[in-house]
Every structure is written in structure tokens, then in C-alpha cells.
> 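Got a structure for you, written out below as C-alpha cells; questions coming shortly.
Worth saying up front: this structure is predicted, and the values here are computed from it rather than measured. Both ligands and their constituent atoms are indexed starting at 1 by order of listing. Heads up: numbering here begins at 1 and tracks the sequence.
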Amino acid sequence: MLAIGCDHAGFTLKNEILSYLEKKNIPYRDFGAYSDDSCHFPFYASLVASAVQKNECERGILICGTGIGMSIAANKFKGIRAALCMDEYQARMAKRHNNANILVLAGRITPKDTAFEIIDIWLNENYLEGKYETRNGLIRRIEEGGSMSGTNYMDMAFVFDHPLIQHKISIMRDKNTNTKEFRELVKEVSTLMGYEVTRELPLEEIEVETPIAKTTVKVLSGKNVGFVPILRAGLGMVDGLLTLIPTAKIGHIGLYRDHETLQPVEYYCKLPEDAHDRMIILLDPMLATGGSASAAIGFLKQRGVKNIKLMSIIAAPQGIQKVHKDHPDVNIYCACVDQTLNDNAYIVPGLGDAGDRLFGTK
Ligand code: PRP
Ligand code: URA
């Protein structure tokens, strides 16, 4: 079902479009305006955007004189991606790249035949989710009121530059920091990073009674999250995240880097049965060549997991690039992007071998 609305300047084109939709047997709901008497477009933008936002209608079309006012108003609604399209190319991209759920047309500029072509393309194109979901995820973060959290590393990773995190990592880097302190710091940094990484967890409303009154409050909804450390070093991050969400399920992926080939080898994998329904946060403190993380994400995907985030503490540019190239749909979070890798694929300056430092094996 299409929701459709206009103001006085879009009224004539809307009527043409309604006839066109009827001819093509496309069901619609007309939210007005019902005449070309002067009216205020935000009212109709709001009716159509609300219907789409609440899933009462799958998509919407809005028309005003230039299309600009309707776009601005509709895009104020959370979850609405309204695209003003003047030609076929924009219509195609609005769906492919932006998954626009409202099409906006310019009643005083766009001829009706062009409008029909634009509508046909926008209705029939497919969203290229794999490639563009990262960007649309970033838009959702803005909607949630979240900053981009520190810096955005070349559009590929979120880098947490919070002073507390930076301070703790500086101590972790020091070769004189002992195993006990290192372990505590990994846990603390993981908790601090986890606060941001879990920002998109879905909430649901429940009723509670305070000592004063009944009210509706928000709580994390049902099956929501799982943590999957890459063995061994990822284990050090689990407790920090459990501090935030003690009920989360934990999976494990065992990988080691073959020291000759530097390629990841899987030796263990056990995930929660319902991992495919959860947001899975993959944990590994070091993202060096990216081979281990990319392979682990591949294993998760093979087992049906769709919503994956990677959380590392220190990353090399090479690792970020590899994971982003192999899995553009996976958000990468880290706390530092270091300079490079050395000949043994260790991060420079890095902190050495995270597994050995966590478990005191060297
Ligand atoms: C380390 C680290 C990562 C991997 C990163 O594990 O914990 O899993 O290397 O390197 P990559 O990005 O080049 O794949 P390692 O193989 O040393 O195993 P460990 O955790 O058991 O020490
Ligand atoms: N794994 C580590 O533990 N440290 C590095 O620098 C690279 C990979």
C-alpha cells in the first residue's frame, strides 16, 4: 500500500498519479490535500511519513511545488528516507543506494510522464543492501542522537577517541605493564567501548508501576545480543561487555594465525543456537592484517548471522581496509588506528602479542 499526499502546488500532479496508480492496480491511500486551495505542506508530509513510519503503508509519495519542503519535513521523521527525484537516474539511486521509503516529486517542475517513469523505477528497483547498509546504518546513528563517536576512519571504522579510553590504552602499550594490570585494562576499555557499540540495540516498551504512578518505560527487547570472542585474545574483552549486558549469550571462535603463512586457521566454533536472531559483537583486541577478523565474520555469516559488529582495541590501517572490503556491511569499532604492520604482521607501535600479554604466556 502506497501513502500519497500533496499540498496545493502538488495537487494536479497527485491527481494524475492517482489515475496512473489505479490503471496499474497499485493500491494507495490518499492523505490529501483534496483541493488546490492554499495549505501547509508539513501537515500532509506528517500524515504520509507517520503512515510509513508505523508500517501502515509500505512506502509513500509526497508532492509539493519544488519537492523541497516536503523532503525536509518528511526527513524529520525517524526511519524516513525521503528522496526528491527529478529524473530516472535519481529514482534508481534513491532505491538502490538509499532505500528511500518516500519518493518526493516536484509538482511545478516535473511533467507527469516523467513522474510516472520515476515512480515505476523507484517501485521496481532493489536496494543494494550489502553495499550501502553501512552508510544507512550511519544515518540511523545520527537519528538515534549518537555522534559518530570520535573520529570516523576514512568512512570505514569508528575510532573511539574518548580520553579515558586513550589513557588506558597508553598504559596497556607499555611493555612494563604486567599481566594483571593488562587484563584489567582490556576489561575496562571493553566496557567503555561497549557502551557505544551497543547504541543500536532495540528497545521495547513495558509497563511498570513506580511508587507514584503507572508508566511506560523502555527496556532492551528479547533476544538481542551475543558476544563472540576470537580465541584466545578476544576472551579478555568478554567480561567488560558482560558488565554492561550480563544476560548476553557468548559464542566462541577459535582461530590462530599460521606463523608461516600468516593465514587464519579455524580450530573451534560454538555459537548460541539463535545467533542468527541476535546482534553479534565479534571481539578481538588486535586487528592486524584483518585475516582473522574477516575469516571469523565469514564463519558467522555461513551460520546465518546477519547483524555483525567487530570490536577491536588497536587496529592497523591494513586490517580495517581488509575487513571493510570483504564485509562492507559490518561496522568496525576500534580505539586506535596505529601506523602500520611490521614484517611479522605485528601492529606498530601496537602493544605486542595481546594473547601472550593477557594470559602471561611469554
Ligand atoms: C592475534 C590476535 C588476532 C590476530 C590478529 O591472534 O588476537 O586474533 O592475531 O591478526 P590478523 O588481523 O593479522 O589476523 P593470534 O593468532 O596471535 O592468537 P592468540 O589470540 O591465541 O594469541
Ligand atoms: N596479534 C597481536 O596480538 N598483536 C599484533 O600486533 C598483531 C596480531
> Counting only nitrogen or oxygen atoms and a 3.5 angstrom limit, does A345 reach ligand 1?
no
> From the options D356, L235, D353, select the one whose nearest heavy atom is closest to atom 17 (O) of ligand 1.
D353
> Students should be able to answer this: which protein heavy-atom is nearest to atom 5 (C) of ligand 1, and at what distance?
M286 O, 3.5 Å
> Rounded to the nearest 0.5 Å, how far apart are CG of L231 and CD of E266?
10.5 Å
> Identify, for atom 6 (O) of ligand 1, the protein heavy atom at the shortest distance, and state residue, atom and that distance.
R257 CG, 4.9 Å
> Please examine the side chains of L220 and T247, heavy atoms only from C-beta on, and report whether any two atoms are closer than 4.5 Å.
no
> Sequence neighbours excluded, which residues qualify as side-chain hydrogen bond (donor to acceptor under 3.5 Å, both in side chains) partners of R92?
E125
> For atom 11 (P) of ligand 1, what is the nearest protein heavy atom, given as residue, atom name and distance?
T289 OG1, 3.3 Å
> Enumerate the pairs of nitrogen or oxygen atoms, one from ligand 2 and one from the protein, separated by less than 3.5 angstrom; state names and distance to 0.1 Å.
{"from": "ligand 2", "atom 1": "3 (O)", "to": "A354", "atom 2": "N", "distance (Å)": "2.8"}
{"from": "ligand 2", "atom 1": "4 (N)", "to": "G352", "atom 2": "O", "distance (Å)": "2.8"}
{"from": "ligand 2", "atom 1": "6 (O)", "to": "I347", "atom 2": "N", "distance (Å)": "2.7"}

> Find out whether M286 and Y346 are in side-chain contact, i.e. whether some heavy atom of one side chain is under 4.5 Å from a heavy atom of the other.
no
> Do D284 and S312 have side-chain atoms, one donor and one acceptor, less than 3.5 Å apart?
no
> For ligand 1, which atoms, with element, lie under 4.0 Å from some heavy atom of G355?
22 (O)
> Among protein heavy atoms, which lies nearest atom 22 (O) of ligand 1, and at what distance?
R232 NH2, 3.0 Å
> Any donor-acceptor pair under 3.5 Å linking the side-chain atoms of Y333 with those of N331?
yes
> Would you mind checking if E184 and K187 are paired as a salt bridge, meaning a charged N to carboxylate O distance below 4.0 Å?
no
> For ligand 1, which atoms, with element, lie under 4.0 Å from some heavy atom of Y256?
16 (O)
> Is the shortest side-chain heavy-atom distance between T289 and Q318 below 4.5 Å?
no
> Indicate yes or no: at least one non-hydrogen side-chain atom of C85 is less than 4.5 angstrom from one of L103.
yes
> Quick one: look up the protein heavy atom nearest atom 14 (O) of ligand 1 and list residue, atom name and how far away it is.
S292 OG, 2.4 Å
> So how far is it from T198 OG1 to N224 CG, rounded to the nearest 0.5 Å?
10.0 Å
> If you measure from CH2 on W122 to CD1 on I102, what distance do you get to the nearest 0.5 Å?
7.5 Å
> Looking only at side chains, do Y20 and D120 share a donor and an acceptor under 3.5 Å apart?
yes
> Regarding ligand 1, does I230 bring an N or O atom to under 3.5 Å of one of the ligand's N or O atoms?
no
> Can you report which non-hydrogen protein atom sits closest to atom 18 (O) of ligand 1, along with the distance?
L255 O, 4.4 Å
> Among the heavy atoms of P264, does any lie under 4.0 Å from an atom of ligand 1?
no
> For ligand 1, which atoms sit closer than 4.0 Å to a heavy atom of D284?
2 (C), 3 (C), 7 (O), 8 (O)
